[in-house]
Structure formats: structure tokens, C-alpha cells
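Following: one structure in C-alpha cells, then a few remarks.
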Protein chains: 2
Amino acid sequence: MNITIKDIARVTNVSPATVSRVLNNVGGYNEATRKKVLQAAAELGYRRNESARSLVKNSSNLIGVIMPQVSTLFYGDIMTGIERAAHQSGYSIIISHSGNVGDKIPECIKLMAERKVDGLIIATVEINDEHLAMVQELRIPYLLLATRMPDRNVPYLKVNDFDAAYTATHHLIENGHEKIGLVGLSLTDRVAGTTRFEGYKRALEDNGLKFDPHLVKEGDYGFYSGQRAMQSYLQEKTELTAVFCVSDDVALGVISVAADHGIQIPDDLSVVGYDNTIIAEMSIPPLTSIDQPFMEMGEEGCSMVIDAIRHKQKIYSKIMPYTLVERRSVKQITHKIF
Amino acid sequence: MNITIKDIARVTNVSPATVSRVLNNVGGYNEATRKKVLQAAAELGYRRNESARSLVKNSSNLIGVIMPQVSTLFYGDIMTGIERAAHQSGYSIIISHSGNVGDKIPECIKLMAERKVDGLIIATVEINDEHLAMVQELRIPYLLLATRMPDRNVPYLKVNDFDAAYTATHHLIENGHEKIGLVGLSLTDRVAGTTRFEGYKRALEDNGLKFDPHLVKEGDYGFYSGQRAMQSYLQEKTELTAVFCVSDDVALGVISVAADHGIQIPDDLSVVGYDNTIIAEMSIPPLTSIDQPFMEMGEEGCSMVIDAIRHKQKIYSKIMPYTLVERRSVKQITHKIF
DNA sequence: CTGAAAGCGCTTACAG
DNA sequence: CTGAAAGCGCTTACAG
């Protein structure tokens, strides 16, 4: 049998109400009772029953996290950040995977509803209007993390993909590159795909370079996508001196087939990645990459929803700062015009 | 206000008891009532309150997962496996991070106790006797995943580290190597550290090679650990033709400094990794590595505890199969004796 | 400062 | 097949 508040009450000769009060630190008892209750609780090995507590408080001290189960490098970082912030504030986190294509999102939301989570973080997956409606029905604070809903006023926390892509491309241009490829563009991904594409194009235009569709390779964010793109460049004998990759994984993909073909990075080809996961550092040569602060995003995002829960206030979207971290995969080349 | 079972009862003119029965599919009602209850539930948008349910059933449908927050590559894989199995059986998972050094383990266990989790998975961290006592006090099924307690009869699910290290080393020997380094040995890690060390040594001995302590570099499982080891080999001008690394990360570390020094992999140095995470494939050249099936381990492990919960039976330890996946980081060299 | 009582939303013997 | 009732372990007005 489990030890309950009543057991403590019996042992200490006070009412369960008082036990509850001291255990919850709400005041309304003198020091003597406080001491004996706490001592009895410790001696009996009391563990409070969160279910009972949740039931009466109509809240669970739970933050729900919905994430896709793709094994991306940053999954752990985001989770770590979220868990840290939650733990600090006395919340626990419960997670549910949305499937690779987000097909299980409704199920996830239902689950979160049953668990009466106090707040919800939807990370990394794109949701649609139907999902949004379900989430809103929950009437709890929620936040899109490292994702967003275009054209909808839904709170999110993420890096500005347009700017970051612009910066990455601009960095290449600054270093004298004029034929710059874009690798891994997902046209169906309106959050990170097309936005980065726009940033890339704009950087080109702003610097008087012509956008050439032959230089962009569609794909996804994976390693193989990068490999396929590089193979395709090779086969088509595309002339380029640099590529901007939509993720570190695809960057490593292009580097790997480049290596197989004796193409030197950065001497023959400069490459910049995106995410700045650990593999950017592991790359040979180490990869220049756009840093997304995933751990901080998890932490900050979770704090935002907790604040909203506690102060019953609205969550405002926030842009996280990105940085370009330079390593050794970009070469400065001389301008042809000189 | 939330819709409850009573609301459905009122609308359908049956008792809450009956509503509960049809919602839980326990039988004891005719088709007509079943239909109207289900319909009313759907119409009202009923969501059951798991807290209330947990309270009366004295169980939560929750599997607790305790993991360190190191951002290892396989974190996501393990979690994915666990979540998949849990979800399939109607369980949710709640996670708590144990800190890098496991210092927060007691706190994690306390939390799991309060949540009344039905089962517990402790992944990847080493626990001590004190922790074990706390866990056992919970009186719920639990399992150590990808870790174990030496000298204690505690159920675990993992790969046989000794055998795997033996296999890795033996693979190198088969390919004609005689001076084989061991990189990343953690002498304090009695689970994976010393065990892999033993496997390495035994493989040497069984093949008539002398164990040379100068060939082993202590460290941890990280990238930098591999870098430091390689630098140290270089500085000491250690003669060796191959290294067995305790993780892919350390393997990439040695490869990266090797590259900086113009040392060709595998021509000048063969290397085999451990874990077979995605980076093994991303490595240049692609890394031969011991595969640990993390996703399957998560899935299988979670299934084991769920089975134990359902059938109230003991959990028996299980060994997962590992495999050596050969890629291009090992070179066959001619035996000197010929 | 403290207690009696009601109630959170559900499940489950028990009785019919 | 169905309902009335008790109870899971807690919190929180209310009253003193």
C-alpha cells in the first residue's frame, strides 16, 4: 500500500488538510506542526500522488512535446533544452512522436488533451489548419518550436531562415564566389525550404549575380540528398565554385562524393552548411555552417510556455539569433574581374 | 468547462457507470446504448481525464524514461524505439534527464514515483546500489537499457560489449594488423569501458599478439577524446597500423587529426568505430563500425517492460545482437611473416 | 492556526 | 444489461 496524506495525518494527529498545507508550503500552520508533518512524511517515505493532485487542480504540471521521430542530430539538443527549463520550474515533460510526415499529429494532440497537459510545444513539424484548430480547442498555451505556420498568427520561436540563408550565401559571395549552388531545397517545405531559397536568391540579386536554376538541387535535409545532388552536378558538369547546403547532413553528403571524385574542399569547391550540429566539426575539412542554437531554443521555448501558463498571458513569437560559424570549408577566391 | 462522463450520461439518459463501461469497452451493455453513448461522446468532444483514471486504477499508463542529457547521436534513435513500442500499446512516455554524470538520478526516480509510472526504463546511465534500492521500492517493472549493473542481478537489455570489442579487434587482426591501438577507454566505466578493454585484450592474446599498454589511450566517448588520442600517438611517434575506437565519435576524432597531418585512412591507418551511428556513413572514408541497433533496443526494451506490467511477470535480461558493418576505413595489409 | 466537508472525474464491486 | 454508491488521494473554500 502506498503512503498517503491520511497516514501522515494519523501519525501526527493533525488533519489531512493541514498536512496538505505544509506539504504544499501554502502557510497556515505553526512551525511545530510543520516540523512534525515534514518529519513524518520523510519517515514514512511519502510520495505525493500527482494524479490526485492533477485531478483536483485540473492541471497536470506536464508540458507536452510533439516531435517527429526522424533521428536528426538536434533532436537531443532540443529535448535537453526543453527538459532543463521544465525541470527547473517543476514541470515534467511528456512526449509524443508525430510520425515522419506528421500523419500522427491529431493522435498526439488527443493524447495531450487526455493527459491534461498545461502547455504544449510542437517542435520541428509543420502543422495545418485542422491541427491548429485542435490545439486551440485545448485552451492552453502552445508554441511552435523551430517551425512556424506561414500566413497564420501562431506563436513560434525560431531562427529567421531567410536572413540566415542570405548570410550564408553572402558569405560565399564575399569570398569571391559567383557560381553558387543551392543544395537540398524542399519546395514543399514552406517553413524552411522556400524561405531559405528566397534568402539565397536575394543575396545573389543584391550582389548583381544572376540566379541560375540549374545551380539548385532539390531534395530533403538528409545526407543522401546531398550525395545525389553532388552526383548530379558532376554528371551535368555544372560549373560552380561553391554550394550552400540547407543542412549539415546534406553538406556532408556533397563532401563525401566530392572526396570520392578527388574534388578538394575548399580548394575546388567551397561549402557552407546549416544547423551547426556536431558533425560540422567532425567534417573533413571542418564545415562552415549557420548555427541554430537548438538547446537554447528548447530552453527558451519551454520557458515561454511556462511563463504563459503561470501568468495566464499570451505568447508572442520570438526570433532566435543565428550565427555563421566559420571553419575551413570556404575558400577565398580572386575575382575574375581583376 | 470540460466535458465529463456525467455530461454524456445526462445527454444519453444512462448512468455514468454505463458510460464508463462502453468507453472502456468492458462489456455489459447492449448495442443500442453503446451506440448512443459513443455518438454523444463524439458529439460533445469528450476527452477522458487520465488523471482521474490513474487515480482510481492506481496506475498511469505511463512509462518513465531516465536518460542522461548528453547529446549523443543515438539519443533520438533510442527514444524513437521506446516511444513507438509504448504508443502501440497505449502507453505514453515521460522523460527525465539524469544529468551528465548521473547526479540527478534520485530526483528522476522521485519524479517517476510521484507520477506513478507503470514501468521504468533507465537508459545509458550507470546506476549504483542506492539508486537501485530506490527503484526497487517503486515495485514496478524496470529495465536497464544499453547499460547494466555489473555484479548485480538487475534486468538489462544490451549488446555484449566484450564480444563486440573482440570482434572489432579480431577484424583488424584478420586484416593483418598487429600494432592495434585502443582509443577512448574509460576505466571508470565498468559497463562499456573496461568490458570493451577486456574484449580488445583477449582478441590480441588469442591471436598471439602482445598487449602493449602504450597503445591504449584513455578518454571518453567524445570527438575530442579521439582527437587528443591521435595527437598523443603522433607526438609519441607510436608505431601502429590500426586503432579500435570505443565510439564513432572518437573514431571521427582520430580521423580528423589524421587528415590534418596527411595521414591517409585506411592506407596509413585503419580504424574501426563503435555504435554505427549515421556519422559512420558520413565519415571520409566511410567508417567500419560495430553496429548497435539502438532503435530496436528501445523498442524491444519498452515491449519487455510493458509485457512485464501486463502479465505481472519478471523481466529477464536479454542480449541484443551486434554486427560489424564493413565500410572503407580498414585496409588489408600483408603479414610481415610471409 | 486548524479541521470537517465537499468535490475533482473516473472505475468498480454490489445488487438487481 | 444497468444503476447507486463508494472510493481513489488530494486541495480548498468555509467556518471557527
Side-chain angles (χ1 to χ4, degrees), chain A residues 1-38 40-41 44-62 90 110-111 113-118 138-139, chain B residues 1-38 40-41 44-62 90 110-111 113-118 138-139:
Chain A
M1 214 33 243
N2 274 319
I3 302 294
T4 75
I5 233 175
K6 284 184 194 167
D7 297 316
I8 301 180
R10 197 180 323 113
V11 170
T12 55
N13 279 313
V14 299
S15 71
T18 296
V19 174
S20 172
R21 282 192 273 258
V22 350
L23 256 23
N24 287 295
N25 255 304
V26 295
Y29 44 78
N30 65 27
E31 187 55 17
T33 22
R34 189 182 146 268
K35 268 201 176 142
K36 79 179 169 188
V37 165
L38 253 24
L44 297 173
Y46 171 76
R47 292 278 158 82
R48 83 166 162 218
N49 186 322
E50 268 293 346
S51 300
R53 186 169 216 254
S54 298
L55 179 57
V56 4
K57 304 201 86 156
N58 195 30
S59 94
S60 58
N61 259 291
L62 238 33
K110 174 163 175 266
L111 210 137
E114 292 179 350
R115 293 283 174 190
K116 299 280 179 282
V117 297
D118 294 343
L138 264 37
R139 311 202 164 289
Chain B
M1 214 33 243
N2 273 321
I3 303 293
T4 74
I5 232 174
K6 284 184 194 168
D7 297 318
I8 301 178
R10 196 179 325 114
V11 171
T12 53
N13 280 314
V14 298
S15 71
T18 297
V19 174
S20 172
R21 283 191 273 257
V22 349
L23 255 24
N24 287 294
N25 255 304
V26 296
Y29 43 78
N30 65 28
E31 187 56 17
T33 24
R34 187 182 148 268
K35 268 200 176 142
K36 78 179 165 187
V37 165
L38 254 24
L44 296 174
Y46 171 77
R47 290 280 157 82
R48 84 164 161 220
N49 186 322
E50 268 293 345
S51 300
R53 185 168 216 254
S54 297
L55 180 58
V56 2
K57 304 201 88 158
N58 195 30
S59 94
S60 58
N61 258 290
L62 235 36
K110 175 164 173 266
L111 211 137
E114 293 180 352
R115 293 284 175 190
K116 299 279 178 286
V117 297
D118 294 344
L138 266 38
R139 310 200 164 287

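Scope of the values below: all heavy atoms of this structure, side chains included, with no hydrogens, waters or symmetry mates.
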My understanding is that only residues two or more places apart in sequence, or in another chain, count here; which of them pass side chain to side chain contact (heavy atoms under 4.5 Å, CB included) with [X]?
X	result
B:Val11	B:Ala40, B:Leu44
A:Lys6	A:Thr4, A:Pro16
B:Val26	B:Arg21, B:Asn24
B:Asn30	B:Ala32, B:Thr33

Listing time: all N or O pairs from protein to nucleotides 1-3 of chain D that are below 3.5 Å?
unit_1: D:dT2; atom_1: OP2; unit_2: B:Asn30; atom_2: N; d: 3.0
unit_1: D:dT2; atom_1: OP2; unit_2: B:Thr33; atom_2: OG1; d: 2.8
unit_1: D:dG3; atom_1: OP2; unit_2: B:Ser15; atom_2: N; d: 2.9
unit_1: D:dG3; atom_1: OP2; unit_2: B:Ser15; atom_2: OG; d: 3.2
unit_1: D:dG3; atom_1: OP2; unit_2: B:Thr18; atom_2: OG1; d: 2.9
unit_1: D:dG3; atom_1: N7; unit_2: B:Arg21; atom_2: NH2; d: 2.6
unit_1: D:dG3; atom_1: O6; unit_2: B:Arg21; atom_2: NH1; d: 3.1
unit_1: D:dG3; atom_1: O6; unit_2: B:Arg21; atom_2: NH2; d: 3.3

### Rounded distance (Å) that lies between atom C1' of C:dC10 and atom CD1 of B:Ile3
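Computing the B:Ile3:CD1 to C:dC10:C1' distance gives 15 Å.
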Please list, chain by chain and in numerical order, all residues satisfying salt bridge (Lys or Arg N to Asp or Glu O under 4.0 Å) with [X], sequence neighbours excluded.
X	answer
B:Arg48	B:Glu50
A:Asp118	none
A:Lys110	A:Glu114
B:Arg53	none

### Task
Quick one: list whatever passes side-chain hydrogen bond (donor to acceptor under 3.5 Å, both in side chains) with B:Thr12, sequence neighbours left out.
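None.
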### Query
Would a 4.5 Å heavy-atom cut-off, applied to side chains only, mark B:Val14 and B:Val37 as touching?
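Yes, at least one pair of side-chain atoms sits under 4.5 Å.
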### Message
If you take any heavy atom closer than 4.0 Å to DNA chain D, which residues from residues 45-56 of chain B end up in contact?
### Response
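Nucleic-acid contacts, sorted: B:Leu55, B:Val56.
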### Contiguous Watson-Crick or G-U pair runs (3 or more, under 3.5 Å) in DNA chain C
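When the pairs of DNA chain C are grouped into runs of at least three, the stems are C:1-3 with D:14-16, C:5-12 with D:5-12, C:14-16 with D:1-3.
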### Query
How far does the P atom of C:dG9 sit from the matching atom of C:dA13, given to the nearest Å?
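23 Å, rounded to whole Å.
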